[in-house]
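So that the names make sense, note that chain A is the first sequence line, chain B the second, and so on, each numbered from 1.
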Amino acid sequence: MSSTLLFGASIAAYALAAAAHVLNIYQRDWERAALWGTRLAWVLHSLALIAIVVETRRPPLLSLYETAIFLTWVLILNYLLWEMLMKAQAVGTFLVPVTFGLLLGALLLPRAEPNLALTRSSGTLVGWHITVSLGAYGLLLMSSVTAAMYLLQAKQLRDKAFRPIYYRLPPLEALDRWSYRFILVGFPMLTIGLASGLALARLEWNNWTLDAKILWSLLSWIIYACYLIVRRWWGWAGRRAALWSVVGFSVLVANYFIINMFATELHRWGL
Amino acid sequence: MQIMIVGLSHKTAPVETRELLAVQAFAFPNVMRELMQIDGVSEGVILSTCNRTEIYAVVDRPREAAPAMINLLSRDKVLDKTQVRSHFYVKLDDEAVEHLFRVACGLDSMVLGETQILGQVKEAYTLSRNQGSVGKILHTLFNHATAVGKRAQAETTIGQSAVSVSYAAVELARKVFASLEGRKVLVIGAGETAELTVKHLVSGGVKAVVVANRTLQRAEDLAGQYGGIPICIEDIGRWLPEVDVVISSTGAPHLVLRRETVQEAMRQRRGKPIFLFDIAVPRDIDPEAGRLDNVFLYDIDDLQSVVEANLRERAREAKKVERFIEEEQKKFQNWLRTLDVVPIIRSLREKIEGIRRAEMEKALAKLPDLTEKERAVIEAMTAVMVNKILNDPTVRIKEYAAEANGSVYLDAVSQLFNLNPSKAEDQPAGVAEAGAKLVT
């Protein structure tokens with residue numbers, strides 16, 4: 001079966017699973033539907049990835065479209081393992097709808113692979129650039145998801161108005177700490193990803209133009225650098241740190257979907 | 001033979017009536033003996049707690065047994081006899097089974113989802129069994145009730161969200177701090193709720209208790225109770241940066257903790273959250289302090305509304321429990337149906353075995369010269385034949401019995417083999433056990 005068809009089926013399954021996750025907050029009968037829906041969607045997701053590999057005979061990591069599929073696949077796999085071990089669905093309530101959104105967005109991304117006449121050294125660099133950047137995206141996404149959970153939970157605790165989701169969310173301190181840890185590991189990876197990207201640009205085009213992609217990537221790097229600085233030296237934690245993480249990831253998403261598509265030539269291979 | 005409940009609970013009777021009609025421990029053996037003497041009652045369990053008194057029984061004629069049971073519980077009590085009837089409910093079979101399961105899961109309790117009732121159900125069963133009043137049916141029924149009650153506690157959070165103010169405070173603290181282990185708590189003033197809260201916090205792992213009072217002497221007295229650190233009320237500001245939870249419950253007519261004091265403490269805490277519980281009336285802590293970043297301030301009304309929210313959460317979890325109950329009811333009903341099978345299987349076996357024996361005798365009469373060994377071989381061969389022939393039908397009858405329209409098949413078997421099974425009640429013990437084994 002074609003990868004696109006499988007991918008479409010998986011997006012549909014994620015849509016249903018996301019709906020079940022949200023309904024489950026209010027009506028506990030949806031718990032099993034949410035869990036099995038996510039598992040089913042992930043299996044279809046895996047099959048779509050395998051189909052891509054079969055069709056292209058290479059790792060599914062070269063086009064923007066493929067990387068988005070791969071990244072969400074890893075995240076959902078992690079969530080499912082977490083769910084099995086900890087019996088806690090709260091993360092899924094946030095992650096599954098986010099995944100659904102990202103995958104829907106991925107449909108818009110270019111599917112062509114880079115049409116670069118790569119030298120041997122820049123070929124290795126591309127590999128590093130892609131894997132490390134993807135790792136950074138995944139970790140920073142998880143940071144923003146836990147930060148969003150923090151913001152929601154903190155708001156309920158401060159307003160003293162408890163919606164059903166209140167009972168499923170972990171303690172604030174744990175959310176705050178995890179959001180920080182994800183950035184602590186994600187930021188160095190973002191740095192390497194950015195540096196390797198710059199090096200590639202230098203190698204391939206022999207100059208650094210003031211491209212929107214480069215500027216925007218620098219902007220997101222600065223945002224996360226500032227997060228670490230104010231957190232470590234000014235003791236910013238909790239609400240403000242969480243907001244910062246969410247803003248930082250929105251900038252990354254904008255980079256991935258909008259800048260790549262409309263404002264730069266650097267990642268629009270073969271269009 | 002039917003399963004019946006006769007009882008009253010907080011839903012049908014006021015506390016004075018419940019008190020009067022409760023079966024006290026000393027009276028239990030007598031009441032149980034009289035219960036078993038009621039005509040047609042073959043098994044009985046009496047459950048008596050402060051919220052309910054219920055008789056679970058296996059009876060032949062519920063119409064006659066029910067009034068006798070109501071009479072048994074109420075006849076020696078000083079009550080308006082004309083009114084007594086209206087407090088009791090009587091439930092039969094499926095309804096009775098469902099009722100017991102709901103009771104065991106805490107769905108019928110005054111505080112929805114409370115978990116004590118499961119222990120009380122188990123205890124009622126044990127007490128009754130010790131009186132010799134529990135037979136096969138109630139034994140299995142109460143096993144299923146315990147199983148579903150345990151499942152409700154293990155797989156849902158129905159009994160977990162706090163329903164008292166002091167425990168609600170502890171739970172709120174747990175929603176902010178990843179763990180209470182090693183935290184410090186500051187208690188300002190004294191009071192019952194404050195003490196209870198501290199006790200819960202300490203059993204949750206809180207490391208140090210700091211006790212502040214108007215005079216150091218009074219603080220020292222109170223600190224002795226928790227093994228805490230006594231301080232003077234003027235020193236609160238100095239301790240605030242170090243503690244994670246504050247419980248304030250003074251009788252002071254004015255504010256004890258001002259916004260500025262909290263703000264200064266928060267600056268020093270560098271983003272570490274603090275939980276302030278103000279359970280005093282009039283309030284001790286400036287409500288404005290609750291607006292500061294990473295400060296969570298709850299007064300007594302807030303805690304009360306948390307308890308109400310928790311009860312709504314319990315009601316949501318109850319939905320899941322209801323599904324468990326349905327499943328357990330089905331399991332129990334399947335077991336009940338297999339009971340009908342036992343007499344059919346028994347008479348089928350008896351019939352075939354009878355044929356075998358009669359034919360064996362005839363054949364052996366015609367073969368007088370057989371040796372002991374030869375006779376034994378023929379004996380064994382015919383016995384194995386009977387067993388092998390009956391094996392499949394026996395297994396299948398048990399399977400059909402568990403199905404909804406299983407009785408059709410059972411009738412067919414009776415008709416085909418011209419069986420006349422006797423009732424399940426008067427079967428020998430061995431066969432009854434065979435039936436009981438089918439459940440597992």
Side-chain angles (χ1 to χ4, degrees), chain A residues 23-35 86-90 146 149-181 227-244, chain B residues 154-158 160-162 168 171-181 183 241 244 266-276 287 290-299 301-324 326:
Chain A
L23 281 169
N24 181 35
I25 303 170
Y26 303 95
Q27 287 280 328
R28 300 298 147 81
D29 319 351
W30 288 93
E31 191 175 293
R32 281 189 297 185
L35 181 58
M86 310 299 285
K87 299 267 165 247
Q89 279 192 314
T146 38
M149 290 161 81
Y150 178 97
L151 290 173
L152 181 61
Q153 188 71 330
K155 184 167 162 44
Q156 297 191 79
L157 275 162
R158 291 177 73 89
D159 295 353
K160 293 146 194 172
F162 299 155
R163 274 158 288 175
I165 187 73
Y166 165 81
Y167 295 93
R168 330 201 90 213
L169 286 170
L172 283 183
E173 218 182 38
L175 290 169
D176 184 46
R177 210 176 287 158
W178 276 103
S179 180
Y180 175 49
R181 284 177 188 159
Y227 174 98
L228 289 175
I229 290 169
V230 296
R231 174 132 196 165
R232 209 167 167 79
W233 281 284
W234 296 0
W236 274 35
R239 200 171 60 86
R240 277 183 284 186
L243 266 174
W244 201 306
Chain B
E155 295 180 34
T156 75
T157 57
I158 189 164
Q160 282 171 25
S161 32
E171 227 175 51
L172 281 166
R174 278 186 197 282
K175 279 288 186 186
V176 169
F177 305 113
S179 145
L180 294 179
E181 213 68 48
R183 305 276 172 191
D244 305 291
M266 289 317 289
R267 208 182 50 74
Q268 295 181 42
R269 292 177 68 82
R270 294 172 56 94
K272 266 190 344 192
I274 192 168
F275 223 117
L276 310 175
R291 292 175 186 272
L292 297 168
D293 237 7
N294 295 321
V295 174
F296 299 91
L297 170 61
Y298 278 65
D299 64 27
D301 283 359
D302 297 332
L303 287 172
Q304 207 62 56
S305 71
V306 169
V307 167
E308 279 155 29
N310 286 352
L311 282 171
R312 287 195 294 274
E313 168 67 9
R314 284 183 174 214
R316 282 188 290 268
E317 284 292 298
K319 285 271 169 60
K320 264 201 260 180
V321 176
E322 268 162 20
R323 204 185 67 227
F324 298 166
E326 259 173 52

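Using modelled atom types, one side-chain atom of A:Tyr167 and one backbone atom of B:Asn310 make a donor-acceptor pair closer than 3.5 Å. Of the possible polar contacts, one joining the A:Arg158 side chain to the B:Arg291 backbone as a donor-acceptor pair under 3.5 Å is found. A distance-only check finds a donor-acceptor pair linking the side chain of B:Lys175 to the backbone of A:Leu169 [under 3.5 Å].
The parts of B:Phe177 that come within reach of chain A are both its backbone and its side chain, each placing non-hydrogen atoms under 4.5 angstrom from that chain. Looking at A:Trp30, there are no atoms closer than 4.5 Å to chain B (heavy atoms on both sides), in backbone or side chain.
Counting non-hydrogen atoms of neighbouring residues, nucleotides and ligands closer than 6.0 angstrom, the CZ atom of A:Arg231 exceeds 12 such neighbours.
Between the OG1 atom of B:Thr157 and the CZ atom of A:Arg168 there is a distance of 7.5 Å, given to the nearest 0.5 Å. The CG atom of B:Leu297 sits 5.0 Å away from atom NZ of A:Lys160, with the distance rounded to the nearest 0.5 Å. Between the OH atom of A:Tyr166 and the OG atom of B:Ser161 there is a distance of 9.5 Å, given to the nearest 0.5 Å.
Chosen from B:Gln160, B:Arg316, B:Glu317, B:Arg174, the residue pairing most often with chain A at heavy-atom distances under 4.5 Å is B:Arg316. Across B:Glu171, B:Arg270, B:Lys272, the residue that shares the most heavy-atom pairs under 4.5 angstrom with chain A is B:Arg270. Among B:Val295, B:Asp293, B:Asn294, B:Val306, the residue with the largest count of heavy-atom pairs under 4.5 Å with chain A is B:Asp293. Contact count versus chain A (heavy atoms, under 4.5 Å) is highest, among B:Lys320, B:Glu313, B:Glu322, B:Arg323, for B:Glu313.
Considering every non-hydrogen atom in both A:Leu157 and B:Tyr298, the closest pair reads O-OH, 2.5 Å.
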